Colleague: 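Shown below is the structure under consideration.
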Amino acid sequence: MAVTTRSGRGGDVNASKQKQIMEEDVELRDDDIPLIVDDVVNQNVNNDHEWVKHDGSVATVGITDHAQDHLGEVVFVDLPETGGSVSQGSSFGAVESVKATSDINCPISGEIVEVNTKLTETPGLVNSSPYEDGWMIKVKPSSPSELESLMGSKEYTKFCEEEDSH
């Protein structure tokens, strides 16, 4: 399965535009149509394809576009209750798709301050909007320094390419 998605841009791309596109974590293929590798800019990602965006005192957690693409159509999301705690690397829920059921591992430790209840009624938001409407939990981090152990967008893109080549 592809790591990339069409960005909707096409046609001729001049050299300066190619450089700008490459700096924006976009990859060019032989046909010079820019392809977005994954939209994890301003987010950190673990090796299990869960992302975290730390904003102020709260960190939002979800699964990446790459992960949802590999899962296929998400039909059920099992999430914890607000008020519980999570530990970095531990499972806090599960995503069931038409292909498989997968644990969701938290990329950061802390207290769960909010759960995306929309996913109970509309689990497909994980597919259609993994970084916006399809987020899973919001956490008050107990150790924000854990973010340093996670990948940024460029590292994550390379990680996905290497993983998909096997």
Side-chain angles (χ1 to χ4, degrees), residues 1-5 24-27 35-120 122-166:
M1 289 178 225
V3 177
T4 55
T5 57
E24 295 174 5
D25 291 332
V26 174
E27 185 176 300
L35 301 173
I36 304 296
V37 177
D38 208 317
D39 188 20
V40 293
V41 177
N42 299 322
Q43 296 160 356
N44 297 92
V45 184
N46 65 15
N47 290 349
D48 296 317
H49 304 281
E50 286 90 14
W51 59 266
V52 59
K53 182 175 183 180
H54 194 197
D55 188 20
S57 64
V58 176
T60 305
V61 175
I63 67 169
T64 65
D65 184 55
H66 180 81
Q68 72 76 26
D69 184 53
H70 279 272
L71 282 170
E73 181 185 351
V74 174
V75 295
F76 180 75
V77 180
D78 180 31
L79 296 174
E81 305 246 339
T82 302
S85 63
V86 289
S87 298
Q88 185 179 43
S90 67
S91 175
F92 68 84
V95 176
E96 184 178 330
S97 73
V98 294
K99 293 181 183 179
T101 298
S102 299
D103 285 338
I104 311 164
N105 298 315
C106 203
I108 192 165
S109 301
E111 177 188 351
I112 300 167
V113 295
E114 189 176 348
V115 175
N116 189 351
T117 57
K118 290 181 185 176
L119 297 180
T120 303
T122 316
L125 290 172
V126 171
N127 298 112
S128 63
S129 184
Y131 303 110
E132 298 294 329
D133 299 328
W135 63 271
M136 298 184 172
I137 60 173
K138 293 190 179 188
V139 175
K140 181 180 178 184
S142 58
S143 183
S145 63
E146 290 176 338
L147 291 169
E148 296 170 16
S149 68
L150 303 174
M151 293 177 273
S153 62
K154 289 180 182 179
E155 295 89 0
Y156 182 64
T157 297
K158 184 177 179 183
F159 175 79
C160 290
E161 289 171 348
E162 289 173 1
E163 187 177 72
D164 285 348
S165 70
H166 293 111

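From a predicted model like this one, the values you see are computed outputs, not experimental measurements.
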Colleague: Which residues satisfy the side-chain contact (heavy atoms from CB on, under 4.5 Å) test with Ser145, sequence neighbours excluded?
Modeller: Ser143, Glu148
Colleague: Going by the side chain to side chain contact (heavy atoms under 4.5 Å, CB included) test, name the single residue among Pro141, Ser109, Pro107 that passes it with Glu146.
Modeller: Ser109
Colleague: Quick one: closest heavy-atom pair of His70 and Lys99, and the distance?
Modeller: O-NZ, 3.5 Å
Colleague: For the CG atom of Asp69 and the CD1 atom of Ile63, what is their distance to the nearest 0.5 Å?
Modeller: 10.5 Å
Colleague: Can you tell me how far the CG atom of Leu119 sits from the CZ atom of Phe76, to the nearest 0.5 Å?
Modeller: 10.5 Å
Colleague: With rounding to the nearest 0.5 Å, note down the distance linking CG in Leu79 to OG1 in Thr117.
Modeller: 9.5 Å
Colleague: What's the shortest heavy-atom distance between His54 and Pro144, and which atoms?
Modeller: CE1-CB, 3.9 Å
Colleague: For residues Gly72 and Asn127, report the shortest heavy-atom separation together with the two atoms involved.
Modeller: O-ND2, 2.9 Å
Colleague: Report the distance from atom OG1 of Thr60 to atom CD1 of Ile108, rounding to the nearest 0.5 Å.
Modeller: 10.5 Å
Colleague: Specify the closest pair of heavy atoms between Lys140 and Val113, including all atoms of both residues, with the distance to one decimal.
Modeller: CB-CG1, 3.9 Å
Colleague: In chain order, what residues pass the side-chain contact (heavy atoms from CB on, under 4.5 Å) check against Thr101, with sequence neighbours excluded?
Modeller: Ala94, Glu96
Colleague: Atom CG of Leu125 and atom CD of Gln68: how far apart are they, to the nearest 0.5 Å?
Modeller: 11.5 Å
Colleague: Hey, are the side chains of Trp135 and Glu114 touching, using non-hydrogen atoms and a 4.5 Å cut-off?
Modeller: yes
Colleague: Considering all heavy atoms of both residues, which atom of Thr120 and which atom of Pro123 are nearest to each other, and what is their separation?
Modeller: O-CD, 4.2 Å
Colleague: side-chain contact (heavy atoms from CB on, under 4.5 Å) with Glu132: which residues, sequence neighbours excluded?
Modeller: Ser129
Colleague: Restricting to side-chain contact (heavy atoms from CB on, under 4.5 Å), what partner residues turn up for Pro80, sequence neighbours left out?
Modeller: Phe92, Ile112, Ile137
Colleague: When you measure from the side chain of Tyr131 to the backbone of Gly62, do you find a donor-acceptor pair of N or O atoms at a distance under 3.5 Å?
Modeller: no
Colleague: Using a 3.5 Å distance criterion without hydrogens, assess whether the side chain of Asn116 forms a donor-acceptor pair with backbone atoms of Asp133.
Modeller: yes
Colleague: Evaluate the side chain to side chain contact (heavy atoms under 4.5 Å, CB included) criterion for residues Met136 and Val61: first the C-alpha distance (whole Å), next the side-chain angles of each, then the deciding distance (0.1 Å), finally the verdict.
Modeller: CA-CA 6 Å; Met136 298 184 172; Val61 175; 5.5 Å; no
Colleague: Residues in side chain to side chain donor-acceptor pair (under 3.5 Å) with Ser102, at least two apart?
Modeller: none
Colleague: Applying side-chain hydrogen bond (donor to acceptor under 3.5 Å, both in side chains) as the test, list every pair that has at least one member in residues 76-87; sequence neighbours left out.
Modeller: none
